[in-house]
> 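Would you mind keeping the following structure in view while I ask a few things?
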Amino acid sequence: MKTILLLLKFILPLVLALCLFFIVHPEAILADNSIASVQYHTPTPNPTGGFGVWATGGFDKQPTTSYYTTVGDPIKITTHTVRSTLSFGLNPFETVYHRWFISNDDGKFSQIPNETRNSLIYTPQQTGTYYIQLYTYYEGLFTKDKFYSDVITVHVLKKSIDADFLNISIDKNYLYNVKDSSNNGIVPKDAYATANPDPEDATGDISWSLDKPDLATIDENGHIVANSDGKSGIVKITGSIKNNDGSIITSKPQIIKIGGGLDNQTVHANQPATFHIQTDTDSQRDDDKDIKITWYKRSTNGQVTQLQTQTDPMTYVTSPTTKTENGDEFYAQISVKKNTIRTNSAVLNVLPPTDPNINIKSSIEDTTFHPAENTDSVINKVSSNDKLVINSKIYNSGYKNFPNSSLSIPLFPLDDKNNFNIDGITINKQPLATDDYQIVNNNFNNQKELIINLKDLKISDTKKSRNRFDYTYNQC
């Protein structure tokens, strides 16, 4: 009975794991009979996944599939593979092997001797068309991962062909500047640049350069690696091809961004800010249950608060911001199984709101006659020669100064027989000169208006206007 329990405890989980592995990797147990004449084996589909979690393994860096060269002029082929997370969990110390195979037009492949790395320098000895394919496999105690690269076609020409133009492309647009550690696989730290000359059969040698070596490096194969010092910025990658006649054709630079995952955000007050974790494969990563993303906020006073996870864990959208949040920092912690990495801290910059926020309160009173039914907005039984006062209080509660501002107070319609004769105006109890106010006819609004020069209305300024009038009624 004890023996059966031990078998159930240790052997059954292993059998279930192996069954799941073969479901994910059917090529491990199924033979492929549809091999083309120019293939050593049907190429393995590209791997799926990311953030350190791979659902399937394969070549995350496929070789360039077409080369043009001449006899004795070597070509350089580079590749890279990853294993599925399940396979790695079952056998983290599997040994990796690389075997290169070559064929000409007859479709008969033979192994290239003494080539056991994932890169190949091939020097052709005679003209013709050749086909090369890499077979990479990981072999452990319980599993064996087999991967076949795309087929490389090598055209060996009788004479060199010069390039007229060179385009380049980069397989990623963002790399992380994280420190070297076992967690580097969670986020993309390297990329590859590819050259595409015109005409495509140009045979010149390709070289690579970049403008900021403190942010990233690039080798002779176009392999780009970000720095591990936390330095951020934009890097320009340039490719060049040297023709047989000695001329050099240089590509238009392509950019790649180096950073810690988050960008600083600047918004106006009362608007939300959006922080997004940079990556090239959001659609795949969002669905991965093994990835946990936790967001944090560090206020300017040093207090750290864990934020609530939102619908899209890759993105955090703040509530409408306030001026007091200016300078707060946001960062995310990315966990994949037992590995964890933290993004950089991105700063929230809050600018004054774009819309003004001016509060105006006005009232009117008859200082000559005071009927009981009068209110702050309505006066009754006004007679000619009554003394009237309009009080206005203007407060700038926004975050924006208003230089050379003015206050417009509508009085009567243009065709009305009523009239106000100004008896005096004060701002904050200081009398205004007659040049600082006037009554104008506003034909657009069909109104007589009193225009008062408030001069500068700064943030948090309050200006109280007391406007005294003699009321008259014109009979004709």
Side-chain angles (χ1 to χ4, degrees), residues 25 27-28 31-47 57-83 87 94-140 143-161 171 190 192-197 200-208 218-223 241-242 244:
H25 297 276
E27 72 276 9
D32 190 335
N33 297 318
S34 57
I35 301 175
S37 60
V38 291
Q39 295 177 339
Y40 175 72
H41 195 282
T42 301
T44 303
N46 291 336
F59 285 84
D60 60 332
K61 164 55 181 171
Q62 286 280 8
T64 301
T65 56
S66 184
Y67 288 87
Y68 291 86
T69 187
T70 55
V71 173
D73 189 10
I75 61 170
K76 303 169 186 176
I77 304 172
T78 58
T79 70
H80 188 266
T81 55
V82 293
R83 287 191 292 154
S87 176
E94 278 186 339
T95 305
V96 60
Y97 301 91
H98 305 285
R99 302 288 184 264
W100 292 89
F101 293 86
I102 188 169
S103 171
N104 54 22
D105 287 331
D106 63 9
K108 296 179 180 179
F109 281 84
S110 60
Q111 185 175 337
I112 301 177
N114 303 320
E115 294 293 344
T116 58
R117 298 183 302 173
N118 65 336
S119 61
L120 172 68
I121 298 178
Y122 173 65
T123 304
Q125 301 302 316
Q126 59 183 16
T127 60
T129 301
Y130 300 88
Y131 304 95
I132 298 176
Q133 191 170 19
L134 173 62
Y135 169 43
T136 293
Y137 63 97
Y138 296 80
E139 195 164 46
T143 60
K144 182 173 182 179
D145 294 279
K146 301 187 206 178
F147 305 127
Y148 298 90
S149 74
D150 290 344
V151 177
I152 305 134
T153 304
V154 182
H155 305 273
V156 185
L157 310 179
K158 293 181 180 180
K159 61 178 183 178
S160 61
I161 296 177
D171 63 353
D190 65 338
Y192 286 89
T194 302
N196 302 290
E200 66 176 4
D201 57 354
T203 57
D205 291 330
I206 302 293
S207 60
W208 299 98
I218 187 169
D219 66 13
E220 59 183 3
N221 299 314
H223 185 204
I241 183 169
K242 185 176 182 180
N244 188 58

> Pairs under 3.5 angstrom only: tabulate donor-acceptor contacts from the side chains of residues 111-121 to other protein residues two or more places apart or in another chain.
unit_1 : atom_1 : unit_2 : atom_2 : d
Asn118 : ND2    : Thr79  : O      : 2.8

> Side chain to side chain contact (heavy atoms under 4.5 Å, CB included) with Val151: which residues, sequence neighbours excluded?
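Once residues adjacent in sequence are excluded, the partners of Val151 under the side chain to side chain contact (heavy atoms under 4.5 Å, CB included) criterion are Gln39, Tyr131, Gln133.
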> Please list, chain by chain and in numerical order, all residues satisfying ring pair (Phe, Tyr, Trp, His ring centres under 6.0 Å) with His223, sequence neighbours excluded.
Tyr192
> Between the main-chain N or O of His98 and the side-chain N or O of Thr136, is there a donor-acceptor pair closer than 3.5 Å?
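Not a single qualifying donor-acceptor pair exists.
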> How about Val156 and Gln126: do any of their side-chain heavy atoms sit closer than 4.5 Å?
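Answer no - side chains too far apart.
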> Could you grab the distance from atom NZ of Lys61 to atom OG1 of Thr81, nearest 0.5 Å is fine?
13.0 Å
> Nearest 0.5 Å please: distance from the NZ atom of Lys159 over to the OG1 atom of Thr127.
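Spacing of NZ (Lys159) from OG1 (Thr127) equals 13.5 Å.
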> Under a 4.5 Å cut-off applied to non-hydrogen side-chain atoms, are Ile152 and Tyr122 in contact?
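With C-beta onward as the side chain, the pair stays apart.
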> Test of understanding: with side-chain hydrogen bond (donor to acceptor under 3.5 Å, both in side chains), list the residues that count as partners of Asn221, not counting sequence neighbours.
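In terms of side-chain hydrogen bond (donor to acceptor under 3.5 Å, both in side chains), with neighbours along the sequence ignored, Asn221 is linked to no residue.
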> Go through the structure and list residues passing ring pair (Phe, Tyr, Trp, His ring centres under 6.0 Å) with Tyr137, not counting sequence neighbours.
Tyr97, Tyr135
> Write down the atom of Phe59, the atom of Ser149, and the distance for their closest heavy-atom approach.
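Looking at all heavy atoms of both residues, the shortest contact is CE1-N, 3.3 Å.
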> Taking the six-membered ring for Trp, are Phe101 and Phe109 ring centroids under 6.0 Å apart?
no
> Set out, in order, the CA-CA distance, both residues' side-chain angles and the distance that settles side-chain contact (heavy atoms from CB on, under 4.5 Å) for Thr203 and Asn244, then state yes or no.
CA-CA 8 Å; Thr203 57; Asn244 188 58; 5.9 Å; no
> Check side-chain hydrogen bond (donor to acceptor under 3.5 Å, both in side chains) between Thr194 and all other residues, then give those that pass, not counting sequence neighbours.
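Here no residue qualifies.
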> For residues 62-78, please give each side-chain donor-acceptor pair under 3.5 Å, one per line with the distance, not counting sequence neighbours.
unit_1 : atom_1 : unit_2 : atom_2 : d
Gln62  : OE1    : Asp150 : N      : 3.0
Gln62  : NE2    : Asn46  : OD1    : 3.1
Gln62  : NE2    : Asp150 : OD1    : 3.4
Tyr67  : OH     : Lys76  : O      : 3.1
Thr69  : OG1    : Asp73  : O      : 2.7
Lys76  : NZ     : Glu220 : OE1    : 3.1

> I'd like to check the side-chain hydrogen bond (donor to acceptor under 3.5 Å, both in side chains) partners of His155; sequence neighbours left out, ordered by chain and number.
none
